[in-house]
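Because the structure is a prediction, the values reported are computed rather than measured.
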Amino acid sequence: MLRRLAARAFWALSPWSLQTRPAPDRPTVLVGAPHTSNWDFMLMLAIAWRLGVKVRWLGKDSLFTSWRRPVMRALGGISVDRSAPDRVVADVVRQIRDGTVFALVVTPDGTRKGHSHWKSGFYRIARETGMPVTLGYVDRTTMTTGLGPTMELTGDVAGDMDRIRAFYADKSGYLPEHRVEPRLRDETGQF
């Protein structure tokens, strides 16, 4: 109740416009992109709280130190040791299968800048759990944000990524100069 109230206040006062499809009605991997600023986090929470979606999100382990640990966990954070990405995927898949996660937010373009490719964890998690992928977005050029389509991944990595690229083609992120093209390092394999 308090979260929905906070979200309503945010959207009433924000210069951003929430233009979204309805929230998925089953567990999903929610892609948050383009991830170009820490403001993306605030927008993601405002979207989830407004739509009543219980989200969990992956964050680098340094966000979960000291006094921030309980705050980040209360906001749905799952600490990620980026030095062991395979272990992260396995752990998240286990939590999903145990029913701990309903909507998992992943920012595959990493930590806001300096990357040339998306990370494949979102794809591997979705394929291993059978969860669809919902495309969330931030677009500074139109000052809009929200949830886009929910899609089933086929296992044809290049084809699936072409559909994802088409959706994000006109989305700039909060800081357009930090946008990373939706492309995996290897789109030839099967996940």
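More than 12 heavy atoms of other residues, nucleotides or ligands lie within 6.0 Å of CZ in R68, so this atom counts as buried by the packing criterion.
Side-chain contact between V29 and V106 is present, with at least one heavy-atom pair separated by less than 4.5 Å. Under the 4.5 Å side-chain criterion, counting only non-hydrogen atoms from C-beta, W16 is in contact with V138. L45 has its side chain out of reach of R3: every pair of non-hydrogen atoms, C-beta onward, lies at least 4.5 Å apart. Counting only heavy atoms from C-beta outward, the side chains of L135 and L147 never approach each other to under 4.5 Å. The shortest distance between side-chain heavy atoms of Y137 and Q19 falls below 4.5 Å. By the 4.5 Å heavy-atom criterion applied to side chains, M161 and V157 are counted as neighbours. By the 4.5 Å heavy-atom criterion applied to side chains, R26 and P132 are counted as neighbours. In this structure the side chain of H178 never reaches within 4.5 angstrom of the side chain of S37, judged on heavy atoms.
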- Message: Test salt bridge (charged side-chain N to carboxylate O under 4.0 Å, His left out) on E187 and R165; report intermediate values, then the result.
- Response: CA-CA 13 Å; E187 293 187 8; R165 273 189 286 279; 2.9 Å; yes

- After noting the C-alpha distance and the side-chain angles of D61 and V80, does the key distance pass the side-chain contact (heavy atoms from CB on, under 4.5 Å) rule? CA-CA 5 Å; D61 52 4; V80 172; over 6 Å; no

- Query: Do D156 and T154 pass the side chain to side chain donor-acceptor pair (under 3.5 Å) test, and can you show the C-alpha distance, the side-chain angles, and the key distance before you say yes or no?
  - Reply: CA-CA 5 Å; D156 171 9; T154 65; 4.9 Å; no

- Query: Between F41 and W57, does a ring-ring contact (aromatic ring centres under 6.0 Å, His included) hold up when you go through it step by step?
  - Reply: CA-CA 10 Å; F41 177 74; W57 49 273; 5.0 Å; yes

- Query: Stepwise, does the side-chain contact (heavy atoms from CB on, under 4.5 Å) test hold for I47 with L18?
  - Reply: CA-CA 7 Å; I47 293 165; L18 178 61; 3.8 Å; yes

- Start with the C-alpha distance between L58 and V92, add both sets of side-chain angles, then the distance that settles side-chain contact (heavy atoms from CB on, under 4.5 Å), and finish with yes or no. CA-CA 9 Å; L58 302 179; V92 170; 3.8 Å; yes

- Task: Begin with the C-alpha distance, continue with both residues' side-chain angles, and end with the deciding distance and a verdict on side-chain contact (heavy atoms from CB on, under 4.5 Å) for K119 and R185.
- Result: CA-CA 8 Å; K119 295 176 178 149; R185 191 166 306 281; over 6 Å; no

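Both tests pass for K171 against the ring of F167: distance under 6.0 Å to the centre and angle within 45° of the axis. In this structure, R69 fails the cation-pi test against F64, since its NZ or CZ atom is not both closer than 6.0 Å to the six-membered ring centre and inside 45 degrees of the ring normal.
Between the CG atom of N38 and the CG atom of L43 there is a distance of 11.5 Å, given to the nearest 0.5 Å. We find the CZ-CG distance between R56 and L30 to be 14.5 Å, quoted to the nearest 0.5 Å. Distance CE/M143 to OG/S172: 9.5 Å, rounded to 0.5 Å. To the nearest 0.5 angstrom, L63 atom CG is 12.5 Å from R73 atom CZ. How far CZ of R127 is from OG of S120: 13.0 Å, rounded to the nearest 0.5 Å.
For the pair D160 and G155, the tightest heavy-atom approach, listed with the atom from each and the gap, is OD2-N, 3.3 Å. Taking each heavy atom of I164 and P182 in turn, the nearest pair found is CG2-CB, 4.2 Å. Between A48 and V55, the shortest heavy-atom contact is CB-CG1, 3.7 Å. When all heavy atoms of G32 and T107 are compared, the closest pair comes out as O-CG2, 3.4 Å. Heavy-atom minimum distance, M131 versus I96: SD-CG2, 3.3 Å. Scanning all heavy atoms of the two residues, the minimum distance from T134 to G148 falls at CG2-O, 4.1 Å.
Under the side chain to side chain contact (heavy atoms under 4.5 Å, CB included) rule, F122 has a single partner from V105, L104, L184, V89, which is L184.
A donor-acceptor contact shorter than 3.5 Å links the side chain of T129 to the backbone of I125. Judged by distance alone, the side chain of R50 and the main-chain N or O of R4 form no donor-acceptor pair under 3.5 Å. The main-chain N or O of A46 is found under 3.5 Å from a side-chain atom of W11 such that the two form a donor-acceptor pair. A donor-acceptor pair under 3.5 Å is formed between the side chain of T36 and the backbone N or O of L175. Judged purely by atom type and a 3.5 angstrom limit, R140 has no side-chain atom pairing as donor or acceptor with the backbone of G173.
Side chain to side chain, D139 and T141 meet the donor-acceptor criterion of an N or O pair below 3.5 Å. Using a 3.5 Å distance cut-off with no hydrogens or angles, the side chains of S17 and T144 do not pair a donor with an acceptor.
Side-chain rings of F10 and W49 stay apart, their centers remaining 6.0 Å or farther from each other.
Salt-bridge annotation for R179 and E177: absent, with no side-chain N of the basic residue lying under 4.0 Å from a carboxylate O of the acidic one. D98 and R94 are joined by a salt bridge, as a carboxylate oxygen and a charged side-chain nitrogen come within less than 4.0 angstrom of each other.
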